[in-house]
Amino acid sequence: MDYQVGYGKPPRHSRFKKGQPTANPSGRPRKDMAALLFEGLNKKVVVTENGRRRRITLREAITRQLINQSASADLRATKMLLDMIKDAEKQAAAAPPPEPSQWFTKADEEVVETLIERLRDQVRAEMAALSPTTNAGEADTR
């Protein structure tokens, strides 16, 4: 036998057979532009602010730089900042706030009702302990 098994040379019996599907038919998945942009903007960078070093996201650093340039009368930066503000306001207006009925689920309401009842019982117990004398004939008013 003149075939050597080693690096890059698997044993013949364990190789893929012709027609056998591969383990990864579509190859390595590629990221789309939105995923690359999102990943890039969320990377941390080190900035120096007031003599102190801080780690912030690249998105935050770009926004701060744009705001600072706009404050120093850079007209292009001001226009870009105003456009970004308008877009943010449109998105905020487009998403209506949740209705009060959507704030709590039934389970949440049950927990709140149980808590209120426990607090009432506790207050009644404290009031009974503070009263000077209780008549044996008085019934608990619930």
Side-chain angles (χ1 to χ4, degrees), residues 1-135 138-142:
M1 179 177 194
D2 58 348
Y3 179 72
Q4 291 288 327
V5 175
Y7 180 77
K9 297 179 181 179
R12 287 194 172 123
H13 71 277
S14 66
R15 291 183 186 175
F16 283 112
K17 310 294 187 265
K18 286 189 177 184
Q20 181 179 0
T22 65
N24 190 7
S26 61
R28 181 168 52 102
R30 305 285 183 222
K31 291 185 180 178
D32 62 341
M33 181 59 88
L36 289 172
L37 186 62
F38 185 76
E39 184 180 312
L41 288 174
N42 286 330
K43 286 193 177 182
K44 297 277 189 173
V45 293
V46 178
V47 295
T48 304
E49 234 178 25
N50 299 329
R52 298 183 66 203
R53 295 176 59 147
R54 291 186 53 209
R55 287 179 52 88
I56 61 174
T57 62
L58 193 56
R59 175 189 318 252
E60 188 177 349
I62 290 170
T63 306
R64 286 182 182 198
Q65 189 173 27
L66 184 64
I67 290 169
N68 290 337
Q69 286 177 351
S70 138
S72 65
D74 184 344
L75 295 179
R76 287 183 64 205
T78 303
K79 168 116 176 66
M80 288 174 60
L81 183 63
L82 289 174
D83 290 342
M84 288 173 63
I85 291 170
K86 286 179 189 175
D87 288 343
E89 287 174 349
K90 282 181 187 176
Q91 287 177 357
E99 294 183 24
S101 62
Q102 296 174 343
W103 291 349
F104 299 112
T105 63
K106 287 285 187 194
D108 293 333
E109 290 174 5
E110 290 174 8
V111 168
V112 170
E113 288 174 11
T114 304
L115 180 62
I116 289 172
E117 190 60 35
R118 287 175 60 188
L119 288 172
R120 282 185 184 145
D121 290 342
Q122 183 179 356
V123 168
R124 285 185 187 126
E126 288 176 2
M127 288 175 60
L130 291 176
S131 67
T133 57
T134 56
N135 294 339
E138 283 187 33
D140 188 15
T141 56
R142 277 196 188 201

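Hydrogens, waters and symmetry mates play no part in the numbers below; they use all other heavy atoms, side chains included. A quick note: this is a predicted structure, and the numbers were derived from the prediction, not measured.
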Got a sec, which residues hit side chain to side chain contact (heavy atoms under 4.5 Å, CB included) with N50, two or more places apart in sequence or on another chain? none
Test of understanding: with side chain to side chain donor-acceptor pair (under 3.5 Å), list the residues that count as partners of R54, not counting sequence neighbours. E49
Full working for side-chain contact (heavy atoms from CB on, under 4.5 Å) between L81 and I67: CA-CA 7 Å; L81 183 63; I67 290 169; 3.9 Å; yes
Residue pairs involving residues 36-48 (criterion side-chain hydrogen bond (donor to acceptor under 3.5 Å, both in side chains); sequence neighbours excluded): K31-E39, N42-R59
Name all residues meeting the side chain to side chain contact (heavy atoms under 4.5 Å, CB included) criterion together with V123; count only those two or more places apart in sequence or in a different chain, and write none if there are none. M127
Kindly determine whether D121 and R118 satisfy salt bridge (charged side-chain N to carboxylate O under 4.0 Å, His left out), including the steps that lead there. CA-CA 5 Å; D121 290 342; R118 287 175 60 188; over 6 Å; no
V5 and side-chain contact (heavy atoms from CB on, under 4.5 Å): which single residue from P11, P10, S14 fits? P11
Please name all residues satisfying side chain to side chain donor-acceptor pair (under 3.5 Å) with Q91, sequence neighbours left out, ordered by chain then number. none
Measure across A77 and S70 and return the closest heavy-atom pair with its distance rounded to 0.1 Å. CB-N, 3.8 Å
Residue list, side chain to side chain donor-acceptor pair (under 3.5 Å) with E126, at least two apart or on another chain: Q122
Nearest non-hydrogen partners of A61 and V45, listed with the distance: CB-CG2, 4.2 Å
To the nearest 0.5 Å, how far apart are CG in L115 and CD in E113? 11.0 Å
Suppose we screen for side chain to side chain donor-acceptor pair (under 3.5 Å). Which residues come up paired with E110, at least two apart in sequence or across chains? none
Pairwise side-chain hydrogen bond (donor to acceptor under 3.5 Å, both in side chains) hits with a residue in residues 73-87, at least two apart: K79-D83
Say you draw a straight line from CE of M84 to CG of L66; how long is it, rounded to the nearest 0.5 Å? 6.0 Å
Check side chain to side chain contact (heavy atoms under 4.5 Å, CB included) between I116 and all other residues, then give those that pass, not counting sequence neighbours. V112, R120
Sorted by chain and residue number, the side chain to side chain contact (heavy atoms under 4.5 Å, CB included) partners of P29 (sequence neighbours excluded) come out as none
